[in-house]
Amino acid sequence: MLKRTGPLCFLVILFVLTTGLTAGAVAPEKTITERPPMRGLWVASVLNIDYPSKPTTDPAVLKAEAITILETAEAAGLNAIFLQVRPTADAFYQSRYFPWSRYLTGSQGLAPQDGFDPLLFWVEESHRRGLELHAWLNPYRITRKTKDEPAHDIAALVPWHPARLYPHLVVHHSDGNLYFDPGIPQARQLIIDSALELVEMYDIDGIHFDDYFYPGTTFDDAATYASYGVGYASVEDWRRDNVNTLIRDLHQAIEAVDPEVRFGISPFGIWANKSSHPLGSETRGNQTYFSHYADPLAWIQEGTIDYIAPQIYWHIGFDIADYHTLLAWWNQAMAGSAVDLYIGQAAYRVGNSDPASPWHGISEMDRQLQMNTWYPLVKGSIFYNYSALKRNPDLVTLLKHHFPEEKTVD
């Protein structure tokens, strides 16, 4: 729901309540407006996957590309944009904590021309079209190297980058990237404070995390565990609790600042395989509970998120990770929870050129969207990514067929 609150709204509510009570009237029951189904689109900025197509400081180019993406989302009948505004401890907005992103302007710390703020523009243009705008953050990743780049060095960051100011918060991982250490309270507080900056400064509709938490089981945090892991049965339990603590504390902080801003996460599609955990799914793939130390079941059960959008990026009948098996598992996981379930859909797989591929054409996505309707706790979908819609007009037509004239409610 688009944010439209303020002091006037509060005074009106206060007046109605106080006058009703003094007159002895019975206050009416609170009216709960049903949210429309989620029809979201991920717009990735890391490595210039979706936006901008290449780095630029030119506001005219940045505006034109944004408008094209928004018009494509409208044409597909979508109602929410998930814009990656912090891909690597950097910013697509004027931040007190992080430098301007090199994926935006070509050089970390370099601002767009003429004081242009891309996020402000995206929020205004999204809302003008009745679309929600969720700020998508990667919480821990500081750098994102490509296969052709050497391991990243902290000295390559701008001098005032928090990773350089507080190097004790940083871990150099074996993948060649730098990460904030989730086990250090100061690092978690930096993530919370910088998310609240977005809530306070922009009329966004949500804060969104994707599936990247701990980057792997070989994370070099032995010293941190020695300092902060007292009382835990294992480093694995401690790591999961670090992630859970960040999510719980951030959710509470957002609620305190603006309860209309929703906080949601899009985890990897497999929580755990049943062979590894009795509560897991009948799958044989990578497991976010063990590989990333993310525990979406805990977030659902504790209500520390407002929605969850598992990335079920496999086809129906895939023997390692069957779409239908996982869809049913996640639907069951939501039983009794107030958390909304959306499905992360693999739009990027659609249109495979191999006629033998299950992703040839658009029929697999059509079947998946129809299957979603079989499960009452599935309340919508988020599609990865914009580039998939851009290169596949048939997919845009398909989505419009499934989602006719559905927009957010103000």
Side-chain angles (χ1 to χ4, degrees), residues 1-3 35-46 48-53 60-85 87 92-93 103-104 117-137 198 202-208 210 261-262 264 266 307 309 311 313 340 342-351 362 365-366 368-369 372 378-410:
M1 186 164 55
L2 304 183
K3 277 199 310 185
R35 296 185 60 84
M38 169 60 70
R39 312 302 187 198
L41 177 66
W42 277 298
V43 178
S45 61
V46 68
N48 299 106
I49 292 173
D50 290 326
Y51 178 83
S53 57
V61 174
L62 294 169
K63 290 178 181 180
E65 290 195 8
I67 293 298
T68 297
I69 294 171
L70 291 171
E71 289 177 345
T72 302
E74 280 192 292
L78 305 182
N79 60 17
I81 300 293
F82 293 77
L83 177 66
Q84 192 174 31
V85 300
F92 273 57
Y93 55 95
Y103 301 118
L104 177 66
D117 187 325
L119 179 54
L120 180 61
F121 182 80
W122 273 88
V123 170
E124 291 175 346
E125 291 299 320
S126 295
H127 288 178
R128 192 190 314 279
R129 293 166 170 78
L131 307 174
E132 295 183 355
L133 193 288
H134 296 245
W136 167 14
L137 318 177
L198 286 160
Y202 297 91
D203 189 22
I204 58 174
D205 300 286
I207 293 289
H208 180 78
D210 55 22
V261 173
R262 307 183 79 211
S266 178
Y307 68 85
Q311 298 174 22
Y313 285 174
D340 288 334
Y342 310 137
I343 304 302
Q345 312 280 171
Y348 72 97
R349 292 187 183 272
V350 170
I362 59 174
M365 183 60 68
D366 188 21
Q368 290 187 6
L369 294 177
N372 290 355
V378 174
K379 298 182 179 179
S381 296
I382 308 176
F383 298 87
Y384 186 84
N385 58 345
Y386 163 68
S387 293
L389 272 62
K390 178 182 178 181
R391 66 174 176 265
N392 198 330
D394 288 344
L395 178 58
V396 174
T397 301
L398 174 70
L399 298 187
K400 183 64 174 178
H401 171 74
H402 278 275
F403 316 136
E405 301 301 324
E406 291 183 351
K407 293 288 184 68
T408 56
V409 177
D410 195 355

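Because the structure is predicted, anything quoted here is derived from the model rather than measured.
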| remark: Sorted by chain and residue number, the ring-ring contact (aromatic ring centres under 6.0 Å, His included) partners of Y348 (sequence neighbours excluded) come out as Y313, Y384
| task | Kindly write out the residues that satisfy side-chain hydrogen bond (donor to acceptor under 3.5 Å, both in side chains) with H208, not counting sequence neighbours, or none if the list is empty. | result | W42, Y307
| remark: Between I204 and A135, the two heavy atoms sitting closest are CD1-CB, 4.1 Å
| query | Is there a side-chain contact between I382 and F82 (heavy atoms, below 4.5 Å)? | reply | yes
| said: So, applying side chain to side chain contact (heavy atoms under 4.5 Å, CB included) with V123, which one of D203, I81, L131, D205 is it? | reply: D203
| note | Taken to the nearest 0.5 Å, the spacing of I69 CD1 from E65 CD works out to 6.5 Å
| query | salt bridge (charged side-chain N to carboxylate O under 4.0 Å, His left out) with E125: which residues, sequence neighbours excluded? | reply | R128, R129
| field | Side chain to side chain, F92 and L83, heavy atoms closer than 4.5 Å | value | no
| message | Would you compute the distance between atom CG of L78 and atom OG1 of T72 and round it to the nearest 0.5 angstrom? | response | 9.5 Å
| Taking only residues two or more places apart in sequence, or in another chain, which ones meet A66 in a side-chain contact (heavy atoms from CB on, under 4.5 Å)? | Y51, F121, W122
| query | Going through the distances and angles, do Q84 and V46 end up as a side-chain contact (heavy atoms from CB on, under 4.5 Å)? | reply | CA-CA 8 Å; Q84 192 174 31; V46 68; 3.6 Å; yes
| request: Would you tell me whether S387 and D50 have side-chain atoms, one donor and one acceptor, within less than 3.5 Å of each other? | output: yes
| query | Any idea which heavy atoms bring L104 and P52 closest together, and the distance? | reply | O-CG, 3.9 Å
| query | Which heavy-atom pair separates L137 from L198 by the least distance, and what is that distance? | reply | CD2-CD1, 3.5 Å
| remark: In terms of heavy-atom contacts, A73 and L41 come closest through CB-CD2, 4.2 Å
| said: Please give me the minimum heavy-atom distance between A388 and A347, naming the atom from each residue. | reply: CB-O, 3.4 Å
| message | A side-chain contact here means heavy atoms from C-beta on lying under 4.5 Å apart; do D210 and W136 qualify? | response | yes
| request: Identify, with sequence neighbours excluded, every residue that meets side-chain contact (heavy atoms from CB on, under 4.5 Å) alongside L120. | output: D117, E124, Y202
| task | Could you tell me the separation between the CZ atom of F383 and the CD1 atom of I343, rounded to the nearest 0.5 Å? | result | 10.5 Å
| query | Among all residues two or more places apart in sequence or in another chain, which pass the side-chain hydrogen bond (donor to acceptor under 3.5 Å, both in side chains) test with S381? | reply | Q345, N372
| field | Short side-chain donor-acceptor distance under 3.5 Å, E132 and S126 | value | no
| request: Could you tell me the separation between the CD1 atom of I362 and the CG atom of L399, rounded to the nearest 0.5 Å? | output: 8.5 Å
| field | N/O donor-acceptor pair under 3.5 Å between N79 side chain and P37 backbone | value | yes
| Does a side chain donor of either H401 or D366 reach within less than 3.5 Å of an acceptor in the other side chain? | no
| message | So, using side-chain hydrogen bond (donor to acceptor under 3.5 Å, both in side chains) as the criterion, who are the partners of D394 when residues are at least two apart? | response | none
| query | What's the verdict on side-chain contact (heavy atoms from CB on, under 4.5 Å) for L398 and L395, showing C-alpha distance, side-chain angles and the deciding distance? | reply | CA-CA 5 Å; L398 174 70; L395 178 58; 4.3 Å; yes
| field | Residue list, side-chain hydrogen bond (donor to acceptor under 3.5 Å, both in side chains) with Y342, at least two apart or on another chain | value | R262
| field | Distance, nearest 0.5 Å, that separates CG of N392 from CZ of R349 | value | 15.0 Å
| field | Pairwise distance CD(E74) to NZ(K400) - rounded to 0.5 angstrom | value | 8.5 Å
